[in-house]
Amino acid sequence: KLIEQRRKVMNILTHDTLPATGMTLEYNVVSADTTAAAKQASEGAALNFGKVKFGTKSADIDTYGGYTTLSRQVIERSTTPMLNTALKALRNAYAKATENAVRTYLYDLIAAQRDATSNANNITTKSALAAMTPDEWAGIIMDAAEIMDDRNTSLTRLAVSKDVALALIKLKDSGNRFMDISGKGSDTLGSFDLTGVVGDLMRVPVYILPAAIAGTACFIDPEAVTVWESGGPTQLSDGDPTKLVENYSVYGYMAVGATNPAALLPIKFKTA
């Protein structure tokens, strides 16, 4: 049975189109911003002065794809749509490969910012993950909202690994569960759809990052990372008349870059 890959992580990031040519993609990032605005001191007085400095980064444009071979007899005489099924399998494989590439990039970026020995970008907790209380989660969200507001980014969602999601589900006070997982009752802090692996915590959407390392949690504004694609995948075919076989391939081009790293705010849990 074919498994259709839902590009869960890629779909929460910013998307753009690749340029028509080039082996790498260059993009600008803000390296410094001293712009400021304030009330004019007096009529005719100089306004506040500032400048935006830009840095240039580059991302490799990679090719993703695969191919398969079918005999002319299967293509022309099979009573079931074998060709369509084979092509669908190739498109699913392409979606899986590109999704996994984006996951690896995002997960590595989150870990690097959280664990950096200098210029680390994170928000730290006073308790270990398992010991976090509803009040501590509320404090983390409010602190994160303040930080993101100061950066002029949005507290769009909280993306977490599976163990962090389970810790959220287990939140209790005097034995009462705070998260509604039945879908049939009201809750105090939020809710969680166990089949869709999404939920919300104090009105902040929560997304599970599939296969992320334990302890991963990060507030994400989609503009933090951009995925450029060629609009693919593209399908090609070519036959061998001596063997009566037809080769089919599916491929596409993609690049990934951190266009605004400050729009990520990882959570660093206290070590137990």
Side-chain angles (χ1 to χ4, degrees), residues 8-9 11-14 103 106-117 119-225 258 260-272:
K8 298 175 182 177
V9 173
N11 288 339
I12 67 175
L13 304 174
T14 298
R103 289 183 185 182
L106 178 63
Y107 298 176
D108 289 346
L109 180 62
I110 291 173
Q113 290 198 9
R114 181 194 62 207
D115 301 331
T117 55
N119 298 321
N121 172 40
N122 60 50
I123 186 168
T124 59
T125 66
K126 296 179 180 179
S127 302
L129 173 60
M132 288 281 288
T133 66
D135 287 343
E136 287 178 292
W137 276 108
I140 285 291
I141 291 174
M142 287 190 289
D143 289 344
E146 190 173 48
I147 293 171
M148 297 294 261
D149 179 72
D150 184 61
R151 296 177 179 179
N152 198 28
T153 55
S154 177
L155 195 72
T156 306
R157 55 181 56 86
L158 172 62
V160 302
S161 54
K162 182 180 177 182
D163 65 311
V164 177
L166 289 172
L168 292 175
I169 292 171
K170 293 177 181 177
L171 286 174
K172 292 182 174 72
D173 184 22
S174 300
N176 296 318
R177 186 188 298 273
F178 272 100
M179 303 294 284
D180 170 30
I181 60 175
S182 68
K184 297 181 180 179
S186 61
D187 58 86
T188 303
L189 295 181
S191 61
F192 227 95
D193 178 357
L194 299 183
T195 57
V197 292
V198 294
D200 70 273
L201 176 65
M202 303 175 200
R203 299 184 183 273
V204 178
V206 179
Y207 289 74
I208 288 185
L209 298 175
I213 63 172
T216 299
C218 184
F219 295 100
I220 297 178
D221 183 325
E223 71 173 23
V225 174
N260 187 3
L264 292 178
L265 184 59
I267 298 175
K268 187 169 186 177
F269 297 102
K270 179 181 179 181
T271 303

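We count residues from 1, following the sequence as given.
The side-chain heavy atoms of Asp221 and Leu155, taken from C-beta on, include no pair separated by under 4.5 Å. Contact of the Leu265 side chain with the Asn122 side chain is not registered, since no non-hydrogen atoms from C-beta on lie closer than 4.5 Å. Between Leu168 and Trp137 the shortest side-chain heavy-atom distance falls below 4.5 Å. Two residues are said to be in side-chain contact when any heavy atoms from C-beta on lie closer than 4.5 Å; Thr156 and Ile220 fail this criterion. A 4.5 Å side-chain heavy-atom check between Ile110 and Leu209 finds at least one atom pair inside the cut-off.
Between Pro222 and Ile12 the shortest heavy-atom distance is CB-O, 3.5 Å. Taking every heavy atom of both residues into account, Ile267 and Arg114 meet most closely at O-CD, 3.5 Å. Between Ile123 and Asp143, the shortest heavy-atom distance links the atoms CD1-CB, 3.5 Å. Closest non-hydrogen pair, Leu201 versus Ile141, comes out as O-CD1, 3.7 Å. The minimum heavy-atom distance linking Ala144 with Phe219 is given by the pair CB-CE1, 3.4 Å. Across Arg103 and Pro210, no two heavy atoms sit closer than the pair NH1-CB, 3.4 Å.
Taking a 6.0 Å sphere around CG of Asn11, one finds it holds more than 12 heavy atoms contributed by other residues, nucleotides or ligands.
Residues passing the side-chain hydrogen bond (donor to acceptor under 3.5 Å, both in side chains) test with Thr124: none are found, sequence neighbours excluded. Every residue two or more places apart in sequence or in another chain that forms a side-chain hydrogen bond (donor to acceptor under 3.5 Å, both in side chains) with Ser161 is listed here: Asp163.
In the model, Ser127 has no side-chain atom that pairs as donor or acceptor with a side-chain atom of Thr125 under 3.5 Å.
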Side chain to side chain contact (heavy atoms under 4.5 Å, CB included) evaluation trace for Tyr207 with Val9 = CA-CA 9 Å; Tyr207 289 74; Val9 173; over 6 Å; no
request  = Dump the intermediate steps for side chain to side chain contact (heavy atoms under 4.5 Å, CB included) on Val225 and Leu109, then the final yes or no.
outcome  = CA-CA 10 Å; Val225 174; Leu109 180 62; 3.8 Å; yes
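Thr216 contributes no side-chain N or O that, together with a main-chain N or O of Val160, makes up a donor-acceptor pair within less than 3.5 Å. Proximity of a side-chain donor or acceptor of Glu136 to a complementary backbone N or O of Thr133 within less than 3.5 Å is detected. One N or O on the side chain of Arg151 and one on the backbone of Ala262 form a donor-acceptor pair closer than 3.5 Å.
In this structure, Leu166 CG and Leu171 CG are separated by 11.5 Å, a value rounded to the nearest 0.5 Å. Once rounded to the nearest 0.5 Å, the distance linking CG of Asn121 with CG of Asp115 reads 11.5 Å. Atom CG of Leu264 and atom CD of Glu223 lie 10.0 Å apart (nearest 0.5 Å). Between the CE atom in Met132 and the NZ atom in Lys170 there is a gap of 15.0 Å [rounded to 0.5 Å]. The distance from the SG atom of Cys218 to the CG atom of Leu106 is 7.0 Å, given to the nearest 0.5 Å.
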